[in-house]
Amino acid sequence: MANGSEMVAPLAAVSGFLRQQHGVFIDGEWRPGRGAERLDVFDPATGDVITTVVNANAQDVDDAAQSAHRAFENGAWTGLPAAERERRLLKFADLVEQNAEELAQLETLNQGKSINISRFVDVGGAPAYMRYIAGLTTKITGETFDVSIGAIPGARFNASTRREPVGVVAAIAPWNFPLMIGLWKIMPALAAGCTVVLKPSEVTPLTSVRLMDLAKEAGLPAGVLNLVTGDGRTGKALVDHPLVSKITFTGSTATGKAIARSAADRMLRTSLELGGKNPAIFLADAPIEQAVQGAVMGGFFNNGQVCAASSRLFVARSIYEPFTKALAQAVEGMSIGPGLDPAAQINPVASAGHRQKILDHVQRARQDGARILTGGDSPDRPGYYVRPAVVVDAAADFAISRQEVFGPLVTVTPFDSEDEAVRLANDTDMGLAASVWTNDLKKTMDIVPRIKAGTVWVNCHNLVDPNMPFGGFKESGVGRDFGVRSLEAYTEVKSVCIAY
Ligand code: TXE
């Protein structure tokens, strides 16, 4: 344990939740799964099974999609005045806020992350995000147009557009920020008037399960929000279901591509937020202490399991040696412990399989000729821990430089000119995010437009806001979350032309 600090004791509500036999949430009710298969849910800090969930089969998925379709078609949700839908979504946000500690503890127990992150980011940030999106419910607008149609002599025309909800949305979420990213999917869909089937990651289903009761209490009518827990097969059955009109997915690029291929057959609308191999560029004037703090925050926050994590650091040659030395020292000094220990700075990664993937990356990097300055191994203790790693001498074509590791590991590479830094930064198939660290305004304004990424931070990294669009260039995905236009991805535009 880090520094002998006080571990957070789980609330009685959390222990009670873990003892329940959870089902699937369909038509506003909990039901047992149609099949007998259940999935173990683990505590990454110990490797112990803490509960089980349904591994939903194709029949469960069909039930959920039918339920969402019925609720869409019968107007249970779209038929309500927008102000009423907004009121219920705001109540949903209030309920998340009122149950924040329970949700935060569940997130940490299931995901492994620090309770500080669960409290202040995942759950703590959720109500503000939910209220922002809920507020957009009453601001959906179309446009009116002057048209020059001469086909009907004497006729005049009124032409306008309406934005209509796209239909049933399949929302597939990952395991790094389960509640938060789940909400990034379901909130804009609901605000736009869609109905939803949510499938959380099989690794981290628990906060999504808890969310269903809060949604019901908030007044979401039966069928408007459904939940199927399960693995990739459940996800695939959902993506392929004929009643689904739109898929919103966050996860790996490989699965995102598979989903895009299936979606193409039925021209399904997709929003895909995929991985990153994000660069951070430290120019020669970046103060070392601030730069190292930024690199630690960008690369090791949430144990590096962040799609926008700065996993490739490019450092001006003149500061490369002191920067790398200070970074290795800072990383080596990070305390390791369970997420329920508020003082632990590095916590277990989400699953045993993921820990192995990270360890394999380190081994391959070593074989390829990179040097591991610190970390990259597992401490001898139960749980899915990986010591945070700093890697140097990684050539641009090494797997460690090209593939998303998604763990507490960064590569550090020197550069001799800003042009070289930009070239190295862009030398990736991904394009989610990047950062530039300098106080030189002219260089900032020169570099930012040349970086091929959906977000470029300057002197900060990993910061998102409901009002700032977030999403990827290149293989990092399609579409943007956040911002006043975020509901557009959940609507169809209908032109209406009236002759009179
Ligand atoms: O992802 P998957 P995994 C990256 C990260 C990580 C890697 C693998 O590099 O190491 O992905 O993680 C569901 N049809 N990211 O295996 O498989 C699955 O059940 C429909 C980046 O967890 O993409 C889960 O709910 N759904 C990332 C979700 O897809 C399918 C966050 C994600 O799983 C499916 C997480 C299918 N055929 C991992 N197969 C980010 N962008 O933030 C699986 N799923």
Side-chain angles (χ1 to χ4, degrees), residues 1-3 5-11 14 42-46 50 96-97 99-130 173-184 200-201 203-208 210-211 250 276 278 293-311 330-331 334-351 354-355 358 383-388 406-410 433 457 460-466 470 481:
M1 197 191 304
N3 307 331
S5 50
E6 284 277 304
M7 289 272 285
V8 171
L11 297 171
V14 169
F42 298 90
D43 175 357
T46 59
I50 49 174
V96 167
E97 196 166 58
N99 292 276
E101 181 60 15
E102 182 191 341
L103 288 164
Q105 291 188 9
L106 272 178
E107 202 73 302
T108 287
L109 273 171
N110 187 181
Q111 206 282 342
K113 63 175 63 198
S114 168
I115 188 70
N116 301 322
I117 299 178
S118 294
R119 280 177 179 160
F120 301 115
V121 180
D122 297 63
V123 183
Y129 168 76
M130 293 173 81
W175 45 254
N176 54 338
F177 292 91
L179 175 88
M180 188 173 95
I181 297 181
L183 287 168
W184 292 0
S201 165
V203 179
T204 55
L206 297 188
T207 45
S208 299
R210 182 68 185 96
L211 208 54
T250 298
N278 312 290
Q293 273 175 14
V296 169
M297 185 60 193
F300 298 91
F301 174 70
N302 209 43
N303 310 301
Q305 300 163 121
V306 180
C307 47
S310 55
S311 52
V331 168
M334 293 176 90
S335 54
I336 300 180
L340 287 179
D341 176 356
Q345 294 164 303
I346 290 287
N347 315 109
V349 298
S351 67
H354 189 52
R355 176 185 55 184
I358 298 168
Y384 313 141
Y385 293 92
V386 180
R387 265 193 254 273
F406 218 62
L409 181 151
V410 297
W457 289 289
C460 57
H461 198 106
N462 266 347
L463 304 180
V464 294
D465 184 273
F470 181 73
D481 287 319

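There is a side-chain donor-acceptor pair under 3.5 Å between N302 and K113. Counting only N and O atoms by type, the side chains of E107 and T207 include a donor and acceptor under 3.5 Å apart.
Taking every heavy atom of both residues into account, V349 and P408 meet most closely at CG1-CD, 4.1 Å. Closest of all the heavy-atom pairs between W175 and A350 is CE3-CB, 3.4 Å. In this structure, V8 and P342 approach most closely via the heavy-atom pair CG2-CG, 4.1 Å. N176 approaches D122 most closely through the heavy-atom pair O-OD2, 4.5 Å. Here the closest non-hydrogen pair linking P348 and N303 is O-ND2, 3.7 Å. Taking each heavy atom of A308 and N278 in turn, the nearest pair found is C-ND2, 3.0 Å.
The CD atom of Q105 sits 10.0 Å away from the CG atom of L103 when rounded to the nearest 0.5 Å. Taking CG of L211 as the start and CG of L106 as the end, the distance is 11.0 Å to the nearest 0.5 Å. The distance from the CE atom of M7 to the CD1 atom of I115 is 10.5 Å, given to the nearest 0.5 Å. To the nearest 0.5 Å, atoms CD (Q345) and CG (N116) are separated by 10.0 Å. To the nearest 0.5 angstrom, L11 atom CG is 5.5 Å from E101 atom CD. One finds the OG atom of S310 at 12.0 Å from the CZ atom of F301 (value rounded to the nearest 0.5 Å).
Considering only heavy atoms from C-beta on, V123 comes within 4.5 Å of L179 through its side chain. The shortest distance between side-chain heavy atoms of L109 and L206 does not fall below 4.5 Å. The closest side-chain heavy-atom distance from M130 to L183 is below 4.5 Å.
Under the 3.5 Å distance criterion, the side-chain polar atoms of Q111 are left unmatched by any main-chain donor or acceptor of F177. Judged by distance alone, the side chain of R355 and the main-chain N or O of G383 form a donor-acceptor pair under 3.5 Å. Of the possible polar contacts, one joining the S335 side chain to the A343 backbone as a donor-acceptor pair under 3.5 Å is found. For the pair T250 (side chain) and P174 (backbone), a donor-acceptor distance under 3.5 Å is absent.
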Step-by-step side chain to side chain contact (heavy atoms under 4.5 Å, CB included) determination, N347 to I336: CA-CA 6 Å; N347 315 109; I336 300 180; over 6 Å; no
Evaluation steps, side chain to side chain contact (heavy atoms under 4.5 Å, CB included), between M297 and H461: CA-CA 7 Å; M297 185 60 193; H461 198 106; over 6 Å; no
Derivation of the side chain to side chain contact (heavy atoms under 4.5 Å, CB included) call for I50 and F42: CA-CA 6 Å; I50 49 174; F42 298 90; 5.9 Å; no
From CA spacing to verdict: side chain to side chain contact (heavy atoms under 4.5 Å, CB included), H354, F406: CA-CA 9 Å; H354 189 52; F406 218 62; 3.8 Å; yes
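A perpendicular orientation is assigned to the rings of F470 and W184, their planes being inclined by more than 60° (bins at 30° and 60°).
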